[in-house]
Amino acid sequence: MLTPDLTEALDTAWRLLERGAKDRRSPVHTPAIASITPAGLPDQRTMVLRAASREAATLRFHTDARSPKCAALDAGAVHVLAYHPGQSLQLRLSGTAEVITQGPLIEQAWSASTRFARRCYMAQAAPGSPLAAPGSGLPAHVEGQEPNDADLVEARANFALLLVHVGQIDWLHLAHTGHRRAGFNRDAASGAWSGEWRLP
Ligand SMILES: Cc1cc2nc3c(=O)[nH]c(=O)nc-3n(C[C@H](O)[C@H](O)[C@H](O)COP(=O)(O)O)c2cc1C
């Protein structure tokens, strides 16, 4: 059970995340996603938050299935960091990652993306592959051009959804009257959140 003030803090967090997914001007639209490399080192990157669901406690991102982060994250631990300067609120979310390459959810996301967005997945090699000279890795005929549907058929196999199942939220609000920090934990079986105030 959460006290009313903790409920309000958790509500604020999910409201910012849900709004951040829809509003490209929100700083929460581009959080940092952290993983651990096979060598055990921390790694992070900016990603566009495509959807957030408080009900399911998930965050959705789009990425290239061939990228090293997919192998590093799939079915493993993930950490997401967002800061909203206007609200003076930092959110540190941790949970487990799921990389989805098949099924209705991904087909829906693929069809809902513009051809220009889908073009990213036409790169001829995996993200991070060495190049002899600076380049996008895209086939020359779509460089600076909108691809047609035929061009995009093969690209679909490179498209992946990264779903973050949020298990914990560290909530930090900065204020000159006194900072406030809370920690929230989601019970995986019931989906219920518990929380506590913490020293900032
Ligand atoms: C503003 C911004 C938004 C980005 N959005 C995404 C994204 O939605 N998906 C993605 O895979 N990479 C995105 N990137 C690129 C990643 O930060 C990263 O460079 C790339 O995915 C390779 O990461 P990896 O080597 O860890 O796989 C974005 C970069 C920036 C600067």
Side-chain angles (χ1 to χ4, degrees), residues 16-53 56-87 89-103 105-139 142-144 146-147 151-152 154-166:
L16 277 192
L17 290 163
E18 289 180 341
R19 211 175 286 163
K22 293 188 188 114
D23 179 3
R24 57 171 57 197
R25 285 164 308 172
S26 165
V28 175
H29 193 59
T30 47
I33 317 300
S35 59
I36 302 290
T37 67
L41 298 169
D43 196 8
Q44 54 185 331
R45 75 284 298 156
T46 310
M47 291 178 83
V48 172
L49 177 61
R50 308 283 170 171
S53 164
T58 53
L59 305 179
R60 198 185 85 204
F61 301 90
H62 293 176
T63 193
D64 192 308
R66 301 167 294 176
S67 66
K69 66 174 122 12
C70 284
L73 286 168
D74 196 19
V78 61
H79 194 274
V80 178
L81 172 67
Y83 176 57
H84 194 298
Q87 301 286 326
L89 191 69
Q90 171 181 265
L91 297 174
R92 297 156 75 195
L93 305 106
S94 52
T96 51
E98 181 186 4
V99 175
I100 299 173
T101 54
Q102 303 288 335
L105 203 59
I106 189 160
E107 296 305 339
Q108 196 187 349
W110 181 250
S111 340
S113 304
T114 64
R115 286 204 191 93
F116 272 116
R118 284 184 260 165
R119 189 183 59 165
C120 299
Y121 304 96
M122 288 179 69
Q124 289 154 318
S129 302
L131 294 174
S136 66
L138 292 173
V142 294
E143 195 75 66
E146 185 179 31
D151 288 327
L152 289 163
E154 282 181 34
R156 162 62 190 86
N158 301 326
F159 180 60
L161 295 189
L162 171 66
L163 211 56
V164 171
H165 298 273
V166 180

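In this text the structure is predicted, and so the values were computed from the model without any measurement. When a ligand or atom number is given, it counts from 1 through the structure's own listing order.
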What is the minimum heavy-atom distance between Cys120 and Asp64, and which atoms define it?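 Heavy-atom minimum between the residues: O-OD2, 4.5 Å.
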Can you name the nearest heavy-atom pair linking Ile36 to Pro42, along with the distance?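 That closest heavy-atom pairing would be CD1-CA, 4.3 Å.
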Which option out of His29, Gln44, Met47, Arg45 puts a heavy atom nearest to atom 18 (C) of ligand 1?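 Nearest option to atom 18 (C) of ligand 1, by heavy atoms: Arg45.
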Which one of Thr63, Asp64, Thr46 has a non-hydrogen atom at the shortest distance from atom 15 (C) of ligand 1?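 Considering heavy atoms of Thr63, Asp64, Thr46, the nearest to atom 15 (C) of ligand 1 sits in Thr46.
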Assess, by modelled atom type and distance only, whether the side chains of Arg45 and Ser35 contain a donor and an acceptor separated by less than 3.5 Å.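 Looking only at side-chain atoms, Ser35 and Arg45 do form a donor-acceptor pair, the distance falling under 3.5 Å.
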How about Glu107: does its CD atom have over 12 heavy atoms from other parts shown lying under 6.0 Å from it?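 Count over threshold, so yes.
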Flag yes if more than 12 heavy atoms outside Glu146 fall under 6.0 Å of its CD atom; otherwise flag no.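 Enclosed: over 12 neighbouring heavy atoms sit under 6.0 Å from CD of Glu146.
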Can you check whether Leu49 reaches Val80 side chain to side chain, under 4.5 Å on heavy atoms?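 SC-SC contact between Leu49 and Val80 ruled out.
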Which of the ligand 1 atoms, numbered from 1, are nearer than 4.0 Å to a heavy atom of Ser67: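 Contacts of ligand 1 toward Ser67, numbered from 1: 27 (O).
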Number the atoms of ligand 1 from 1 as they appear, then name those within less than 4.0 Å of a heavy atom of Pro68, with their elements.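 Counting from 1, the qualifying ligand atoms are 27 (O).
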List the closest protein heavy-atom neighbour of atom 3 (C) of ligand 1: residue, atom name, distance to the nearest 0.1 Å.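 So the nearest neighbour among protein heavy atoms is Val48 CG2, 3.9 Å.
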So, regarding Lys69 and ligand 1 (criterion: nitrogen or oxygen to nitrogen or oxygen, under 3.5 Å), is there a contact or not?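 Min N/O separation from ligand 1 is below 3.5 Å for Lys69.
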Any nitrogen or oxygen of Pro127 lying under 3.5 Å from a nitrogen or oxygen in ligand 1? Just yes or no.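 Such a contact does not occur with ligand 1.
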Examine ligand 1 and decide if any of its atoms is less than 4.0 Å from a heavy atom belonging to Arg50.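 Heavy atoms of Arg50 do come under 4.0 Å of ligand 1.
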Relative to each other, are the rings of Trp110 and Phe159 parallel, tilted or perpendicular (30° and 60° limits)?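 Geometry flag for Phe159 against Trp110: tilted rings.
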Protein non-hydrogen atom found under 4.0 Å from atom 8 (O) of ligand 1: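 Protein heavy atoms within 4.0 Å of atom 8 (O) of ligand 1 - there is at least one.
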